[in-house]
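Here is the structure we will look at.
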Number of protein chains: 2
Amino acid sequence: MVQADRRELPTAAELAVWREYIETASDLRARLEARLQSESGVSSADYEVMLTLSEAEGRRLRSSELAARMDWQRSRVSHHLGRMEQRGLIRREPCADDSRGAEVVLTSEGSMAFRRASVPHLRAVRELFLDAFEPEQLDDIASTAAALRRHLGSAARR
Amino acid sequence: MVQADRRELPTAAELAVWREYIETASDLRARLEARLQSESGVSSADYEVMLTLSEAEGRRLRSSELAARMDWQRSRVSHHLGRMEQRGLIRREPCADDSRGAEVVLTSEGSMAFRRASVPHLRAVRELFLDAFEPEQLDDIASTAAALRRHLGSAARR
DNA sequence: ATTCAACGATTGATGTGTCAATTACATTCC
DNA sequence: GGAATGTAATTGACACATCAATCGTTGAAT
């Protein structure tokens, strides 16, 4: 394959790769979301929040720290926590050393929901994603994804 | 690398690949969306609608056919077309042979907007995605994406 | 021909994400 | 210690996606 001039627009072949990549990624995400929702009754946003909290030391985080670890906007976190609080999955507690802040904690109900969700979710990751590939292909995925991340990281952000 | 038992949960290494894959894909999508929006004032949903219409013969489609080609829910199409019609990008015309149906057409303003958007968008695809890879890596992407699509296609849908 | 199931498309309700503005507290600097 | 500035988090308005319900039309069975 000839290296295309970087100034030119993508060739048809390049565009086909692009579309295949972006469409399968989006399809995969939708399929996982659907399984998580139907098997465990939580969205992947809920899952991410619960995962991040349960990985934190003390199993609690300031809401801005939560936002930083998940790479979400602060206001998104705020809205989402509001909804999760309604459903009894998390609780907001006033923060001892900074009375502006809040600490977010999983309720026991939230912990249970997370434990109930996690094994089926991991199984779905295996079935829908990992099982699609031979070991060498998985290595290819890892290295191309890393290359892409590096590239995006160096391209001007925001 | 040893082949994991398909029944087991993912290993840490496998999960790392999974996360790298899904996060970079999502990051890429967000970056492209942002460029499309800021450079051309359209969302990628708008762009997809306009692209699909402009690829159609007669540059017009029944709205359900539009939904099928984009793989969107019908109601999503309906809502989105409503908004695009407000902005003058598309027009809905009554359908000759089936008075239940509507045909969707790009307005001349819509055509212009699409032409204005497309070159910058393709350039962004090159810069943010294609330029990240060596040619062999692009081949790897193509074949792993194809494998994934095949896998997802054969796994029970919906 | 009349009925009725199927179909094309829209609608309204709800949950979600983004942006800009706001509130309340904290910190800094004189 | 009081004014300005900064920071944590929430709020409201809006755009968007999904779901279930709806409306009007079509087509098929009797």
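Labels below follow one simple rule: chain letters A, B, ... track the order of the sequence lines, proteins then strands, and each chain is numbered from 1.
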Please give, in whole Å, the distance from [N] [atom2] to [X] [atom1]?
| X | N | atom1 | atom2 | answer |
| --- | --- | --- | --- | --- |
| A:Ile90 | D:dA9 | CD1 | C1' | 13 Å |
| A:Leu36 | C:dG15 | CG | C1' | 16 Å |
| B:Glu85 | C:dT10 | CD | P | 9 Å |
| B:Asp97 | C:dG8 | CG | P | 12 Å |
| A:Met84 | C:dG15 | CE | P | 15 Å |
| A:Gln86 | D:dT10 | CD | C1' | 14 Å |

Is the shortest side-chain N/O distance from A:Arg74 to OP1 or OP2 of D:dT10 below 4.0 Å?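 No, because none of the side-chain N or O atoms of A:Arg74 sits under 4.0 Å from OP1 or OP2 of D:dT10.
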For D:dA9, does either OP1 or OP2 sit under 4.0 Å from a side-chain N or O belonging to A:Ser64?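 Indeed, a polar side-chain atom of A:Ser64 lies that close.
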B:Arg19, CZ atom: more than 12 neighbouring heavy atoms under 6.0 Å: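 It does not: B:Arg19 CZ has 12 such atoms or fewer within range.
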With a cut-off of 6.0 Å (strictly less than), are more than 12 heavy atoms of other residues, nucleotides or ligands near CD of B:Gln86?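 At most 12 heavy atoms, drawn from other residues, nucleotides or ligands, come within 6.0 Å of this atom.
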Reading 5' to 3' through nucleotides 11-19 of chain D, protein heavy-atom contacts under 4.0 Å coded B for base, S for sugar-phosphate only, - for none: BBB--BSBB
Contacts under 3.5 Å, N or O only, protein and nucleotides 22-25 of chain C:
unit_1: C:dC25; atom_1: O3'; unit_2: A:Ser99; atom_2: OG; d: 2.8

Under the rule for side-chain hydrogen bond (donor to acceptor under 3.5 Å, both in side chains), what residues qualify as partners of B:Glu109, not counting sequence neighbours?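 side-chain hydrogen bond (donor to acceptor under 3.5 Å, both in side chains) check on B:Glu109 returns nothing, list empty.
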Find out whether A:Asp71 and B:Glu23 are in side-chain contact, i.e. whether some heavy atom of one side chain is under 4.5 Å from a heavy atom of the other.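 Counting from C-beta outward, A:Asp71 and B:Glu23 never come under 4.5 Å.
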